[in-house]
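Quick notes on the structure that follows.
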Amino acid sequence: MARFIDELKRTHHCAELRAAEEGKEVVLFGWVASYRDHGGCVFIDLRDREGITQIVFDPNLTGHGDSPKAAYEAARALRNEWVVGVRGVVVSRGKNKNPKLPTGEIEIHAAELNVFNKADTPPFLIEDEIDTGEEKRLQYRYLDLRRAPLQKTLRVRHKINQVTRRYFDDKGFLELETPFMVKYTPGGARNFLVPSRLHAGKFYALAESPQLFKQLYMVAGFDKYFQIVKCFRDEDLRLDRQPEFTQIDVEMSFVNQDDVFRTMEGLVFAVWKEVLGIDLHEKYPSGRFPQMPFDESMTKYGNDKPDLRFAMPHDDLTALVIEHGGGGVSFLADIAKKFESGQLRRDLPGEIVKAMRVPGEHAQKLSRTEVDKLEDFVKGMGAKGLARAKVDKDGAWTQSPFAKTMTAELRQAINVKLGAKEGDLLLFQFGKASTVHTVLANLRVHLAKKLGLIPEVGHGGVFNFLWVVNPPLFEWDEDRTTWAAAHHAFTRPHDDCVDLLEKDPGKVLCYRYDLVLNGFEIGGGSIRLHDPDVQARVFRALGITDDDARAKFGFLLDALRFGAPPHGGIAVGMDRLAMLLSGAESLRDVIPFPKTQKGTDTMTDAPNRASPEQLAELRIRVVEPQP
RNA sequence: GGGGCGGUAGUUAAGUUGGUUAUAACGCCGGCCUGUCACGCCGGAGGCCGCGGGUUCGAGCCCCGUCCGCCCCGCCA
């Protein structure tokens, strides 16, 4: 029977002891965070998940027989990250306090030392600040996780989970589970497939979300559901996208959009209060977050997740350009002609002209070379170029490809529309609407970081929440030249739009909503369509036949006919929430064991090949790529 | 599928126009040291310059290919 652990139990953790405990005999377990051998005595910093306590090994410690001497001898061999147990006495450090440590007023004079385990020299130091690259840290993730910053972010996750469970439980929600292995349905995000051995040749899909099942819970009468749940999507990764991620998933019956908003606002307020100690009422006294129509968000910011910590909105100049017939500029005239000929519709334009005004106070910080670099930046996103103009006295434009050719009338009209003043920098994009929006949206954020309006990473102490509401139900699929569901086919259209389903599908708005924080979408949901007649008309508008619908969603359509209550819900990206809350650089910093940009795990070497036997059993043959 | 950046001791980086023995800091190893807490001092070891090919008298450096990591577009809510 081992003396430590079996006999000597841990009495305190490494952040616990203060001067009040002076004279007590204690037992501490932990990792050697630092050793300082002074020849005659040895100091170590002992670390566990709570903190650090200094241990002193002095061979002359009296009152413990020979054991302090043995402990001292053993301590001289200690190295970083060895796992040890120490029995000793709490002693005041007197005038030698270490103000950097919460336990700095005391130290443990060791009477007995036990080495549980030695450790290889780690590839990087286990400290708060290290400059080791992420590649190395991911390879040794268990060591990276031993560092205080990651211990802290995982605690943030823990807290979010606890607050969420308490909040929804208090409000009468039931935490209910849904299957991960579900029926494969094409469309939407790509699914990870799970081959079935019992049905060789057939596959389950890993659930992209619990969407359909939570609706079935509503049909079943559970009324209020929530779940903290893993979701899986086989799409390319980004800084804020991982193939497996966690959602706080919510669904409610007999509610409208505003009921969902109030519920989630309550949750966010509770999380901010309990995790950060921030009372969001100071910024949002009503307890409500502002709302912005989707259309306004697209026009002003180029996407549906605007970062409102700074201004610099965009303006749509398409109408002006058409009115002025292109204003003497050939490529603008080309676009104007397409509208006049009816090739493009003014209410649903496929091509647009937009501009962003960089106010003089900011523009003056940008050298001409820096503005040239912006052109490279936008070209990387598919822009043909970045037309610009510097506003001179009397609204004249300089440093601009338009300066010579554009009519004074159009130039003046644009100045008025943009509110352009002397010293301002105007940046233009025109062409395919989706490209123009993407380019200007990214350019706006890029510039804001460059100009110091928002920090390069993190929240900078500012949290700007926004509901983006009332988007169109359908969007035009240019490749397949059909209308496609912008979200999913079960979103409820506004009542006053239902008549447009057949006449003008692009004009149908719906009860869908996204919750945006500092330019990141942290949640999204909708009020669901529970009326079978309207549902049928939506399918028809999408060109989905009854047979198609039955094959894909038969079980849901059946369920909706057996007494479905009006219902709606939302899913919050829990990882993104944790990332923004803790000011982390990427999702990888708040996910314990994340994947790389290519979706691999460099620590375990997943994904890997399956054995021929396993593949044979599943009747799967791997086709190697042709060279 | 496309664009951009990167890969040199354990780690982070420097490395000139292609030139002789590839540097530094931290870490690591050994020695000394009883008040350190970024301990200090003395000494030492450590390199597939991502990988493969090419150009050259000579390649860390130039060229071609390839792999890996990161950011973005497409894709994805």
Side-chain angles (χ1 to χ4, degrees), chain A residues 33-45 52-61 72 76 79-80 91 93-101 103-104 107 120-140 187-191 208-209 211 231-243 245 247 303-305 373 376-383 434-435 438-439 441-443 445-446 468 471 475 479 485-488 491 512-516 520-526 570-573 576 585-586 588 595-598 600 602:
Chain A
S34 158
Y35 62 95
R36 299 176 289 279
D37 183 347
H38 282 248
C41 75
V42 175
F43 297 89
I44 71 166
D45 289 345
I52 282 177
T53 299
Q54 172 163 287
I55 317 287
V56 186
F57 295 91
D58 183 341
N60 302 319
L61 181 67
Y72 159 77
R76 299 200 73 175
R79 291 296 179 268
N80 283 337
V91 176
R93 291 182 61 169
K95 286 181 182 160
N96 255 324
K97 281 183 198 149
N98 183 347
K100 291 178 192 163
L101 292 180
T103 60
E107 63 192 5
D120 287 357
T121 302
F124 46 82
L125 294 175
I126 311 302
E127 296 175 344
D128 291 9
E129 302 283 333
I130 57 172
D131 50 14
T132 305
E134 195 182 11
E135 197 173 348
K136 264 293 179 281
R137 292 193 286 115
L138 284 176
Q139 195 185 333
Y140 298 93
R190 291 187 187 89
N191 293 108
E208 301 166 25
S209 75
Q211 181 62 42
C231 303
F232 306 89
R233 290 176 195 168
D234 187 9
E235 295 294 343
D236 285 11
L237 285 76
R238 288 285 187 282
L239 174 107
D240 62 345
R241 279 164 32 187
Q242 282 271 312
F245 59 100
Q247 285 190 342
N303 61 24
D304 58 355
K305 45 174 188 176
K373 279 199 188 131
D376 296 335
F377 176 79
V378 300
K379 278 181 177 167
M381 276 171 298
S434 55
T435 307
T438 300
V439 166
N442 284 308
L443 183 61
V445 173
H446 177 77
V468 174
E475 57 193 25
D479 296 334
H487 188 53
H488 58 66
T491 303
R512 195 188 107 212
Y513 31 83
D514 285 336
L515 180 57
V516 178
F520 287 87
E521 184 207 309
I522 58 168
S526 63
I570 189 167
V572 168
R576 285 186 189 171
E585 270 187 62
S586 87
R588 291 185 299 276
K595 304 289 188 286
T596 68
Q597 169 114 128
K598 285 226 172 90
T600 63
T602 51

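Remember, it's a predicted structure, so these values are computed and weren't measured experimentally.
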Contacts of A/R190 that satisfy side chain to side chain contact (heavy atoms under 4.5 Å, CB included) - sequence neighbours left out: A/D234, A/E235
A/R241 or A/M381, whichever maps to the more 5' nucleotide of RNA chain B: A/M381
Residue mapping more 5' on RNA chain B - nearest nucleotide basis, A/L138 or A/K379: A/K379
Can you give the donor-acceptor pairs under 3.5 Å from side chains of residues 122-136 of chain A to other protein atoms, not counting sequence neighbours?
from: A/E134; atom 1: OE1; to: A/R588; atom 2: NE; distance (Å): 3.3
from: A/E134; atom 1: OE1; to: A/R588; atom 2: NH2; distance (Å): 3.1
from: A/E134; atom 1: OE2; to: A/R588; atom 2: NE; distance (Å): 2.5

B/rG69 to B/rC37 separation - C1' atoms, rounded to the nearest Å: 36 Å
Distance, P atom - from B/rG43 to B/rU66, rounded to whole angstrom: 50 Å
Nucleotide nearest A/A189 when distance is taken to its side chain, options B/rG74, B/rC72, B/rA77: B/rA77
Out of B/rG69, B/rC76, B/rA77, whichever nucleotide has its closest atom nearest the side chain of A/E235: B/rC76
Not counting sequence neighbours, which residues clear salt bridge (charged side-chain N to carboxylate O under 4.0 Å, His left out) with [X]? List them please.
X	result
A/R137	A/D144
A/D58	none
A/R93	A/E107

For [N], give its Watson-Crick or G-U wobble partner with both distances under 3.5 Å, or none.
N	value
B/rC57	B/rG19
B/rC75	none
B/rC5	B/rG69
B/rC29	B/rG43

Ionic contact status for A/R241 with A/D236, cut-off 4.0 Å: no
For [X] and [N], give me the distance from atom [atom1] to atom [atom2], rounded to whole Å.
X	N	atom1	atom2	result
A/D234	B/rA77	CG	P	12 Å
A/R233	B/rA77	CZ	C1'	6 Å
A/R238	B/rG2	CZ	P	15 Å
A/D376	B/rC73	CG	C1'	15 Å
A/D236	B/rC76	CG	P	10 Å
A/N80	B/rU11	CG	P	17 Å

Listed partners of A/Y72 passing ring pair (Phe, Tyr, Trp, His ring centres under 6.0 Å), at least two apart: none
Set of ring pair (Phe, Tyr, Trp, His ring centres under 6.0 Å) partners for A/F245, sequence neighbours left out: none
Below 4.0 Å: OP1/OP2 of B/rG74 and any side-chain N or O of A/T438: yes
Annotated protein contacts, base or backbone, on nucleotides 33-40 of chain B with a non-hydrogen cut-off under 4.0 Å, one of B, S, - each: BBBBBSB-
Identify each atom pair where a protein N or O and an N or O of nucleotides 5-10 of chain B are less than 3.5 Å apart, giving names and distance.
from: B/rG10; atom 1: O2'; to: A/P123; atom 2: O; distance (Å): 3.4

Under 3.5 Å donor-acceptor pair, A/R512 side-chain atoms to B/rA77 base atoms: yes
